[in-house]
Amino acid sequence: MEGILALAADNLISPIILSFALGLFAALARSDLSVPEAAAKALSIYLLFAIGFKGGVSVARHGVDGTLLLSLLAGVALSFILPFVAFAMLRVLTRLSVTDAAAVAGHYGSISIVTFVAATSVLTSQGIASEGYMVAVAAAMEAPAILSALWLVARSGGSRDMDSDLWREILLNGSIVLLIGAFAIGLITGEEGFARIASFIDAPFQGVLCIFLLDMGLVAGRGLRKVRGVLSVGAFAFGVLMPLAGSLLGLGAGLLLGLSPGGVMLMMTLSASASYIAVPAAMRVALPEANPSIYLTLSLGVTFPFNLTLGIPIYLALAQAATGG
Amino acid sequence: MEGILALAADNLISPIILSFALGLFAALARSDLSVPEAAAKALSIYLLFAIGFKGGVSVARHGVDGTLLLSLLAGVALSFILPFVAFAMLRVLTRLSVTDAAAVAGHYGSISIVTFVAATSVLTSQGIASEGYMVAVAAAMEAPAILSALWLVARSGGSRDMDSDLWREILLNGSIVLLIGAFAIGLITGEEGFARIASFIDAPFQGVLCIFLLDMGLVAGRGLRKVRGVLSVGAFAFGVLMPLAGSLLGLGAGLLLGLSPGGVMLMMTLSASASYIAVPAAMRVALPEANPSIYLTLSLGVTFPFNLTLGIPIYLALAQAATGG
Amino acid sequence: MEGILALAADNLISPIILSFALGLFAALARSDLSVPEAAAKALSIYLLFAIGFKGGVSVARHGVDGTLLLSLLAGVALSFILPFVAFAMLRVLTRLSVTDAAAVAGHYGSISIVTFVAATSVLTSQGIASEGYMVAVAAAMEAPAILSALWLVARSGGSRDMDSDLWREILLNGSIVLLIGAFAIGLITGEEGFARIASFIDAPFQGVLCIFLLDMGLVAGRGLRKVRGVLSVGAFAFGVLMPLAGSLLGLGAGLLLGLSPGGVMLMMTLSASASYIAVPAAMRVALPEANPSIYLTLSLGVTFPFNLTLGIPIYLALAQAATGG
Amino acid sequence: MQTHKAKRVEIIIEAPMERRLTQALMGAEVTGFTVLPVLGGSGRSGQWSREGQVGRSGMVSVVCLIRPERLDSLLDAAFEVVDRHIGVVSVTDCEVLRAERF
Amino acid sequence: MQTHKAKRVEIIIEAPMERRLTQALMGAEVTGFTVLPVLGGSGRSGQWSREGQVGRSGMVSVVCLIRPERLDSLLDAAFEVVDRHIGVVSVTDCEVLRAERF
Amino acid sequence: MQTHKAKRVEIIIEAPMERRLTQALMGAEVTGFTVLPVLGGSGRSGQWSREGQVGRSGMVSVVCLIRPERLDSLLDAAFEVVDRHIGVVSVTDCEVLRAERF
Ligand SMILES: Nc1ncnc2c1ncn2[C@@H]1O[C@H](COP(=O)(O)O)[C@@H](O)[C@H]1O
Ligand SMILES: Nc1ncnc2c1ncn2[C@@H]1O[C@H](COP(=O)(O)O)[C@@H](O)[C@H]1O
Ligand SMILES: Nc1ncnc2c1ncn2[C@@H]1O[C@H](COP(=O)(O)O)[C@@H](O)[C@H]1O
Ligand code: NA
Ligand code: NA
Ligand code: NA
């Protein structure tokens, strides 16, 4: 317990978290500070490219682990299952309609790549190794949850609207393509490719992450400002309890797969995190009746900051305790 | 005198100044070269974050100097007083209306953060130390001048329109929040935080400044092209004499405070520089009758290049002579 | 031949080419991956500034070569002549109208700066030196071809619409001004200037190029998707044969000038590459009847990828064989 | 100058639906339209601005100039898409130059 | 398709005044509007373009679709804000789908 | 609120022609106009989007509010420029506040 707190405290005063806090503060205080949309998108392209590429290089370096395929399958399975857990919790804790609850549940089966990046940063700064292919697992977990959400609505007799176009949009979503593509480039070009672009994708990485989290803080803060009253106490509770529940499922999967302590911690983080890019766009198309304020605020305004500040240290401590690492 | 000229010559052939000159040339020659608005805004976020953070780290490194608070107070006082000096000079040198003169005066009480950044670059390249908290002084000087400008108008029976909203907008202006916030992050995370993101905020700094100044040159040039005839000779004279007058007030304040030679030079630069972001936006709201071409051209087209090229070497030479440093 | 293949294979698995391939794949698969316009423009400003600056520093380092002026003249001459070669080939290989053929021909007399940058990257990674002023030759080759294109149309009794405004627009085109300007800044500030901003313009260069080529791949892929049927087999053949023909003219010029092997290869690359920024914009104004899909697709969708993958290794092998370097 | 009667239809719609709308328009043989960016707005589902968004959210404005007799098929096609989604549709009388283009 | 008479009001105003305008609109119970970006323009105070600007300057275009009977209160609220500022206001007759939304 | 009859002219034109158009407008003493960005569109020359462009391509929308009696000289000036180029021109009746500005 003390270890967690020390790590959490250490985590909390990193430039990354403080940048997020600065953005949150600026937005809540209604400052006009803002990161242009194009710049935020450019930063996320950088982060996805860098994290994917480094994952690929790491796999090229250490060879393909026998558990790579199993981990991908586990990721897909988790992404399918987590929305059901989330849906059940929402029905107990809140009075959301079936459609709203299903839409929220879809977000929690999918993942937040920035939370994943923040978790790898903590691992790096603690000198803990992890499987490079966890990046590919992250990509594999993005989409399946959307299916579960739609199934939950359909089961209740709700409408669902899933054309083949939407399928292509989800599976060939920009962030999935970039992540997997950069992973492949890292895998193919390996150490030599890394040497050529390391001063671009490695050196400035933490700093870029700061600016990106500044923007995330601004966006989260603006969202929170607007929803006073939209979210019940139960919904808030869900936003904190669900990542913890998810992380335990991730822990189980990681242990079964025999991942390294770092790998287990990343699997927990992926399970605990909630999407706020790919899934919301899909939900606008497939479940337009669901209220975007609810799922965006829960995912971005509650669960994201929770994971960033307290969640990650908790998952790391649990992963280390459970693996004895 | 020779020393100033040598330093000025040295300063003039730096990549930074030449990039500004390139932008100025391109705009005056009506090239279609342009930096996208979003990119320019992203660069200024980078510069504010980096300069604030480095200031905070420097304070964390050297401990809080006893003069920190006094320097902040001196900055606020200068920002209040300088508009009156500017207003008096404008009434003598030009035929601007009270409203226009007051609006211009407001700009000269406030500061230009890029001029400040350029001055710190010269200090760094000359190996001269300065107080890290001068960044906080810069932030403190942004807003008070606006009040003086409005008071000057009100005194002459002109209208003024200062609602509490405008107050919040000015004080929680994006650049103030980012500068102070990054300063705080640097202060809290200190040497350790710096080590984590140095390759982002330190290594590429000078280069980013080049591109930013290229854009400033473009903007200044486009402004100058449009105002042939808007500015009288007297107004141009003001654009050069006012920064010199301001710098002398800054010199006095710096000496009274007992700042280091570098700190005195920065205080002079802050007093000499004129705002072209925060104050113009406030003036559009509070003094819509004032002509923006006049204040923008003076601040950005005359005083900014003057400070960048000749002003900074002069202030450095004076600061060194006066402090014996 | 084997050498070429080995080099081509080596070239093909560099992160740069793979990033282009990723973009191409994403666009052809209709992923929504996209680089914001402002970010792409910012990247190209970075690349132009860096490549121009490094060229200038290299000239400052090695002194002005006696062949500088002759090389510039040769570049201008090539830019004038190449459109006639292209026009003749197009009349043989395709059934394009005179206007369309002339518009396409204009693109092939001008140059693609990204192809040039990719070629210099290959030289750098192979440790082969080249004349720094080739950057200035690149700038000199941008515009003359436009005149040839308009002359080709006028000769056939077609309309031409060339006002003095258009001249200024072409000659003071943003990319020419930035390239020449940055070259001049590099020349003036030399080694000292380079030391100050090397960690900005040198270290991240290859990585930035990856992201830029990702975007080029996206743009090329979107273009290719739309033009199924617009381009005949003959037009495709032209898109591959013309760069080879152009490169031979460049080879001749390079040998006559007595350039280094690297310089000859760059002269070949410039002759082989086709414009897709400056010339298209000029053509929209001067030859609005010409169909933009044709010239953009040929230049960006056929010739650019050909040069990037196979062309550059071929030109290098030929240049080395011919110079015995 | 000779002008011709036409209708100007303006459809403000969520960005993720843009491609579906333009495809429906093409399906109804409306091949002329222009898409403009939107910074923010307010409606029954509250106020929003592009700054507060992550990803491909936000809205766009699609403007179609069309011959009056083709209006109904356009509105039917558009309505199909916007029906369950947030957004607004307005129609204005206008005159166009170069009627052969429409 | 069933349409309903409405007014389309377009207000082009300085960006620093945008929030004040939308607040005034909300105050007058006009809760539906859309904000579009503006690249540049020209008027009595001369020509400008976004490229020649630093900071939060420039202009935006605010479009409101509104029931005809509510037009006057909208214009009163808007006029209050634009009065001393640069910018223009225009009103066009239009038809809207889904009248219950306005 | 007192309003005055005016015309709203909307010209959608290729970005490389923008400066030529606004200069022609100024030449015809039309000194009031606003330029809006365009993301993409479709017409006789096919569909395009800003994402598929390199460089200063794409289109812009130029909006002019003008007194009815000045419409013809505006359209003549505009037609001169758009004639051989792709793009569309539409004219709508509108009402403006503050007529002294036009
Ligand atoms: N009356 C209106 N006038 C102009 N735009 C509107 C209006 N109502 C809604 N909108 C736009 O449509 C979006 C969604 O509206 P709603 O479906 O009412 O939430 C808003 O954010 C606005 O951008
Ligand atoms: N007649 C007009 N038509 C369209 N936009 C206009 C007109 N007059 C002014 N504007 C816009 O309003 C801004 C300020 O106008 P002004 O207050 O006349 O300087 C201009 O920069 C244009 O963007
Ligand atoms: N009927 C229309 N309604 C709205 N915009 C149009 C229309 N036709 C053409 N456009 C716009 O004008 C551009 C060029 O049209 P075109 O010359 O027909 O290829 C298109 O890309 C659209 O942005
Ligand atoms: Na999850
Ligand atoms: Na000052
Ligand atoms: Na060429």
Side-chain angles (χ1 to χ4, degrees), chain A residues 23 27 32-41 43-44 99 112-114 159 161 163 165-166 168-170 173-175 212 215-216 218-227 229-230 275-294 296-297 299-301 304, chain D residues 9-31 33-62 74-90:
Chain A
D32 70 349
L33 180 59
S34 74
V35 177
E37 201 200 352
K41 224 186 146 191
L43 292 179
S44 79
T99 311
S112 145
I113 199 71
V114 185
S159 65
D161 184 2
D163 48 23
D165 254 18
L166 182 56
R168 218 212 34 260
E169 276 173 29
I170 292 169
N173 177 284
S175 60
F212 192 77
D215 184 48
M216 297 287 296
L218 287 166
V219 174
R222 286 190 208 109
L224 283 175
R225 231 177 58 212
K226 261 175 233 154
V227 292
V230 169
S275 171
Y276 41 79
I277 301 187
V279 181
M283 288 301 149
R284 289 316 301 146
V285 174
L287 288 183
E289 300 84 2
N291 182 347
S293 316
I294 298 175
L296 280 177
T297 310
S299 162
L300 195 58
F304 179 72
Chain D
V9 183
E10 189 178 62
I11 305 170
I12 295 173
I13 194 173
E14 294 174 279
M17 298 302 294
E18 174 193 334
R19 211 174 42 70
R20 284 175 175 76
L21 174 64
T22 58
Q23 268 174 358
L25 293 179
M26 312 282 254
E29 283 174 39
V30 177
T31 52
F33 54 81
T34 298
V35 185
L36 290 92
V38 169
L39 288 180
S42 169
R44 294 181 316 159
S45 30
Q47 204 168 350
W48 67 276
S49 89
R50 199 166 275 280
E51 283 174 3
Q53 309 288 316
V54 187
R56 194 174 39 123
S57 37
M59 308 194 84
V60 294
S61 162
V62 178
L74 186 160
L75 290 184
D76 287 339
F79 190 72
E80 190 84 345
V81 178
V82 300
D83 185 16
R84 283 163 56 215
H85 292 269
I86 64 177
V88 291
V89 182
S90 68

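Throughout, a chain's letter reflects where its sequence line sits, starting with A, and its residues are numbered from 1. None of these values were measured; they are calculated from a predicted model.
Of residues 19-28 of chain D, those residues with a non-hydrogen atom less than 4.5 Å from any non-hydrogen atom of chain A are, in numerical order, R19(D), R20(D), Q23(D).
Residues P16(D) and A281(A) come closest through the heavy atom pair CB-O, 4.1 Å. Closest of all the heavy-atom pairs between A286(A) and R84(D) is O-NH2, 4.0 Å.
M17(D) contributes atom CE, which lies 9.5 Å from atom CZ of R284(A) (distance to the nearest 0.5 angstrom).
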